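Notes follow once the structure below has been shown.
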Amino acid sequence: MSSFAPAAVPTEVLSRPRAAARGRLARLLFAVIASSVASCRTGQDALRPDTDGAVRLTIVGTNDVHGWVMPQEERFPQGAVRFGGAAAFAGYLKLLRADNPGGVVLVDGGDLFQGTLMSNLTEGSIVIETFNALGYDAAAIGNHEFDYGPVGAPTHASQPGMDPFGALKARIAQAKFPLLSTNIYESNSRLRPSWLPGDGTVIIERKGIKVGILGLTTPQTPTTTLPINVASLRFAPLGPEALTAAKGLRARGADVVIAVVHAGGRCGETKDPVDLHTCDTETGEVFDMMKGFPYGTLDAVVAGHTHAQIGHFVNGTPVIESFALGRAFGVIDLAIDPQTRKLIRERTRIRSGVPVCETVDEATQSCDVRALKARGDTVKPVPATWLGQRVEPDQAIAELLWPGEARVAALQGRALGLAVPRALGRNYEHESALGSFLADSLRTMLRADVALLNPGGLRADLDQGPLKYGSVYEVLPFDNQVATLDVTGDQLVSLVRAAYAAKKGVFQVSGLEVRLDRCPGPNRLRSVHLPGGHGVDPNVRYRVVMPDFLARGGDGLGPVLATIDPRQVDLGETRSTNLRDELVDFWVKNREPFAAPEAGRVQFVDDGKPCEASESHSNP
């Protein structure tokens, strides 16, 4: 049962509240009276209400863009369905800004970078340039904002004098909007880092309303970026930091307080925004953050990190999260009383997961490619509409991205002379054909006994057809090194146990057979064997290969690795290239067949009990 009490709020999604029973004259009289009273009672400049007697603010939120500022498309016989990207999103913004002139606040929930060639080749510079052009007001600092490490190669400070925050500092200096986090501190001094401007909050003004914005970063960051890059930082718990920052913003005169939080949750249903029973309210970070908040602490929350959807009222506060990769956004409409400058909470409207479509199927008005593939030849692409008008992609932003897209296209289109006979899919929650194939390739390439891959490192499926470098890059966008460990059988079992206990999905393995509880938990691993059912010998040494992200303690392996002699761990720092490119070279040299391995190396023990909704995983 949820620990949150549903607020008495409406169930409608985004729409401008209109009181049809009132005539235009009555509304105008109300506005005049409200304006006069406000001037007398508060001593402040009178606010100009909208035609319904309130001042309306439109909060537009994105999250987890991960470098996907360019459009994507799927071709059908009658044309291409185009979706995502900053140019199309700008078309939606133009309509929203026209619908509420001067009243739009645009924010992002973090993880702007990492995940595309476009982003990674520029260490996020193209993303910041695009966000500047879109007119963002603020963004949270996400865990993947730390991925690039120093300016230029490598991705971590491997030599004295290298600054692990160099690339992020450059992006902060480039941005015309603040990148915010109130809960980042130096581990030693317990003070805020000197390179992080301000206190993690900002106050802007819209329609005479002072809007306070605070940012927060998930405390999971040390295990969801290269741990070495943030070793000198501490990420404080979200709840107390949010409460302190919100109070501080109110004390500085903020009428409305918004939190942009790189921490999220999951909800199975969003049809009823007051119904939280399908949400992971017990373990979702954003839900946990808000437990115990006094009513009205925050007026709106834009979340991120889990690549999921939330569109709910939590203790009366609207919370949105809208998937990832630049394909969706969310909207919160707030109404402010011009007399008291207080939120009229019963008139708050929310909508999350709004798809960014440049073109849609005429019959279904959808750009959901997975659903449209089932329609095949009947798909007829037409321009998308929003708020009753055609969505016009912004040509200036398209031209801004064009040089980078041309450079990326040349790299992505490089043919590898190989073919994928049947698509290889990933699966965060189960063994997958793609995960097993990659783990097998890695183990064979290194002549190792065991390979271990974290499912969050696999970012796309591998489609059927001629293999191009860009397809591999989308699957493996992180510039990890190949790391090897020389461990005892006992240490191997401890590593595998920690991997499956970390609630980071189902790790993909090669050279092992594991049995797991179907539901995640600290004791999820039931058994581990070598192929054929042979036991792991505690007295034998095994060579294990994995991405250096894991070997440095990522995704929950840190406590076990701390007990292993560092001389047993080779982090791959002397290797000439990264894991992705080593695999490509291996496949090309060996003409590797891209066949799905036989399934069954990961099996579940079903005890007949359903998993709790709160036990869902994140896929940061």
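The analysis underlying the following values was restricted to heavy atoms, covering all of them including side chains, and did not include hydrogens, waters or symmetry mates. What you are looking at is a predicted structure, and each value in this text was computed from that prediction instead of being measured. The residues of the chain are indexed from 1 along the displayed sequence.
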Requested in this report: Assert yes or no for the condition that the ring centre distance of Phe437 to Trp587 is strictly below 6.0 Å.
Outcome: yes

Query - Member of Ile320, Val301, Val105 meeting the side chain to side chain contact (heavy atoms under 4.5 Å, CB included) criterion with Ile332 - result: Ile320

Report task. With side-chain contact (heavy atoms from CB on, under 4.5 Å) as the test, would you mind laying out the steps for Asn132 and Ile128 before giving the verdict? Result -> CA-CA 6 Å; Asn132 284 342; Ile128 294 296; 3.9 Å; yes

Query raised in the report: Does any N or O in the side chain of Gln508 come within less than 3.5 Å of the main-chain N or O of His430, such that one atom is a donor and the other an acceptor?
Result: yes

Query raised in the report: Sub-3.5 Å donor-acceptor pair from the side chain of Asp111 to the main-chain atoms of His144, do we have one?
Result: yes

Report task. Check whether any side-chain N or O of Asp548 sits under 3.5 Å from a backbone N or O of Gln481 as a donor-acceptor pair, and report yes or no. Result -> yes

Report task. Provide the closest heavy-atom pair for Ile397 versus Ala86 in the form atom of the first, atom of the second, distance. Result -> CG2-CB, 3.9 Å

Report task. Look only at the side chain of Asp280 and the backbone of Arg266, and say whether a donor-acceptor pair between them is shorter than 3.5 Å. Result -> yes

Requested in this report: State the CG-CG distance between Leu550 and Leu557, to the nearest 0.5 angstrom.
Outcome: 5.0 Å

Query - Distance-minimising heavy-atom pair for Leu458 and Arg426 - result: O-NH1, 3.1 Å

Query raised in the report: What's the spacing between Thr122 OG1 and Phe113 CZ if we round to 0.5 Å?
Result: 8.5 Å

Query raised in the report: Taking the side chain from Thr217 and the backbone from Ile141, do they hold a donor-acceptor pair closer than 3.5 Å?
Result: yes

Report task. Could you tell me whether the side chain of Pro547 reaches within less than 4.5 Å of the side chain of Asn454, counting heavy atoms only? Result -> yes

Report task. For Thr116 and Gly67, indicate whether the former's side chain and the latter's backbone hold a donor-acceptor pair under 3.5 Å. Result -> yes

Report summary line: Note: Leu467 and Val472 closest approach over all heavy atoms is CD1-CG2, 4.0 Å

Query raised in the report: Are any of the side-chain nitrogens in Glu582 or Arg575 under 4.0 Å away from the carboxylate oxygens of its partner?
Result: yes

Report task. Check the pair Glu74 / Lys373 against side-chain contact (heavy atoms from CB on, under 4.5 Å), numbers first and verdict last. Result -> CA-CA 9 Å; Glu74 184 72 24; Lys373 282 183 177 180; 3.4 Å; yes

Report task. Please find out if less than 6.0 Å separates the ring center of Phe478 from that of Phe549. Result -> no

**Report entry** Heavy-atom pair of closest approach, residues Pro71 and Arg82
**Finding:** CG-NH2, 3.2 Å

Query - Euclidean distance, Leu453 CG relative to Leu579 CG, rounded to 0.5 Å - result: 7.0 Å

Query raised in the report: Looking only at side chains, do Glu269 and Thr278 share a donor and an acceptor under 3.5 Å apart?
Result: no

Report task. Evaluate side-chain hydrogen bond (donor to acceptor under 3.5 Å, both in side chains) for Gln220 paired with His305, printing each intermediate quantity in order. Result -> CA-CA 10 Å; Gln220 296 177 3; His305 187 53; 3.0 Å; yes

Requested in this report: Measure up the Phe235 and Phe146 rings against each other and bin them: parallel (under 30°), tilted (30 to 60°), perpendicular (over 60°).
Outcome: perpendicular

Query raised in the report: Are Arg524 and Tyr500 in a cation-pi contact, defined as NZ or CZ under 6.0 Å from the six-membered ring centre and within 45° of the axis?
Result: no

Query raised in the report: Hey, what do you get for CD (Glu358) to CZ (Phe83), rounding to the nearest 0.5 Å?
Result: 11.0 Å

Requested in this report: Using modelled atom types only, decide if a donor and an acceptor are shared between the side chain of Thr359 and the backbone of Ala80 within a distance under 3.5 Å.
Outcome: yes

Query - Ionic contact status for Glu241 with Arg234, cut-off 4.0 Å - result: no

Report task. Indicate whether the side chain of Arg327 and that of Gln72 have a donor and an acceptor atom separated by less than 3.5 Å. Result -> yes

Query raised in the report: How are the rings of Tyr136 and Phe177 set to each other: parallel, tilted or perpendicular (split at 30° and 60°)?
Result: tilted

Query - Any donor-acceptor N or O pair under 3.5 Å, side chains Ser510, Asp440 - result: yes

Query raised in the report: Roughly how far, to the nearest 0.5 Å, is the CD atom of Gln464 from the OG atom of Ser471?
Result: 12.5 Å

Query raised in the report: If every non-hydrogen atom of Leu411 is compared with every non-hydrogen atom of Tyr469, which pair is closest and at what distance?
Result: O-CB, 3.6 Å

Requested in this report: Kindly check if the number of other-residue, nucleotide or ligand heavy atoms within 6.0 Å of CH2 (Trp195) is above 12?
Outcome: yes

Query raised in the report: Using a distance-only test with no angle check, is there a side-chain donor-acceptor pair under 3.5 angstrom linking Gln114 and Asn120?
Result: yes

Query raised in the report: Under 3.5 Å, side chain of Thr62 to main-chain N/O of Asp108, donor-acceptor pair present?
Result: no

**Report entry** Test log, rule side-chain contact (heavy atoms from CB on, under 4.5 Å), inputs Leu400 and Glu129
**Finding:** CA-CA 9 Å; Leu400 171 69; Glu129 191 173 357; 2.9 Å; yes

Query raised in the report: Under 4.5 Å between any side-chain heavy atoms of Phe165 and Ser232, yes or no?
Result: yes

Requested in this report: Measure the spacing between CG of Asp147 and CG of Asn229 and express it to the nearest 0.5 Å.
Outcome: 7.5 Å

Requested in this report: Please test Glu573 against Arg552 for salt bridge (Lys or Arg N to Asp or Glu O under 4.0 Å), starting from the C-alpha separation and ending with a verdict.
Outcome: CA-CA 12 Å; Glu573 293 178 334; Arg552 294 178 186 277; 3.0 Å; yes

Query raised in the report: Does any N or O in the side chain of Asn143 come within less than 3.5 Å of the main-chain N or O of Thr224, such that one atom is a donor and the other an acceptor?
Result: yes

Requested in this report: Could you please spell out the steps behind the side-chain contact (heavy atoms from CB on, under 4.5 Å) verdict for Val60 and Val104?
Outcome: CA-CA 7 Å; Val60 182; Val104 172; 3.9 Å; yes

Report task. Using modelled atom types only, decide if a donor and an acceptor are shared between the side chain of Gln412 and the backbone of Lys468 within a distance under 3.5 Å. Result -> no

**Report entry** Where Asp163 and Lys169 come nearest, the two heavy atoms and their spacing
**Finding:** OD2-NZ, 2.7 Å

